[in-house]
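The figures here come from the full heavy-atom set of this structure, side chains too, leaving out hydrogens, waters and symmetry mates. Index from 1, following the sequence.
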Amino acid sequence: MFFSLRKSSDGQYYFVIKSDNNEVVATSETYILKESAEHTINAIKNGINSYTPVVDITDC
């Protein structure tokens, strides 16, 4: 998995999380500051915890 930091056509920043086979896993919201996007990437990288619960509300 890797992060791809990008700049949108309106000048804002966003990132895409891609799998090792280059498929898009997730796309972030847009950020005015590049540093904000980088901060979120680092928070995700540091906050990954295999014990984080998954709440499935697909049948609700």
Side-chain angles (χ1 to χ4, degrees):
M1 177 171 91
F2 64 95
F3 294 85
S4 175
L5 185 57
R6 301 172 179 205
K7 192 171 187 179
S8 64
S9 60
D10 65 358
Q12 294 192 19
Y13 297 90
Y14 68 101
F15 60 88
V16 175
I17 302 173
K18 290 191 166 190
S19 64
D20 290 335
N21 65 357
N22 217 30
E23 290 190 36
V24 174
V25 175
T27 303
S28 74
E29 62 182 299
T30 57
Y31 301 87
I32 295 171
L33 300 175
K34 182 177 181 179
E35 293 80 15
S36 297
E38 292 171 328
H39 176 76
T40 302
I41 289 171
N42 288 328
I44 292 170
K45 287 170 55 176
N46 293 330
I48 294 174
N49 179 343
S50 62
Y51 298 106
T52 302
V54 175
V55 178
D56 183 352
I57 59 169
T58 58
D59 292 330
C60 295

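Side-chain contact between Ser36 and Tyr13 is absent, with no heavy-atom pair separated by less than 4.5 Å. Taking 4.5 Å as the limit, every side-chain heavy atom of Phe2 sits out of range of all side-chain heavy atoms of Val25. Using a 4.5 Å cut-off on side-chain heavy atoms (C-beta onward), His39 and Tyr31 make no contact.
Here the side chain of Ser28 pairs a donor or acceptor atom with the backbone of Phe15 at under 3.5 angstrom.
A 6.0 Å sphere centred on CD1 of Ile44 holds more than 12 heavy atoms belonging to other residues, nucleotides or ligands.
Cluster annotation: Ile17 is connected to Leu5 through the hydrophobic network of ILVMFWY side chains, with a link wherever side-chain heavy atoms come within less than 4.5 Å.
In plain terms, the two heavy atoms of Val24 and Lys18 that are nearest each other are CG2-CE, 4.0 Å.
The OG1 atom of Thr40 lies 15.5 Å from the OH atom of Tyr14; values are rounded to the nearest 0.5 Å.
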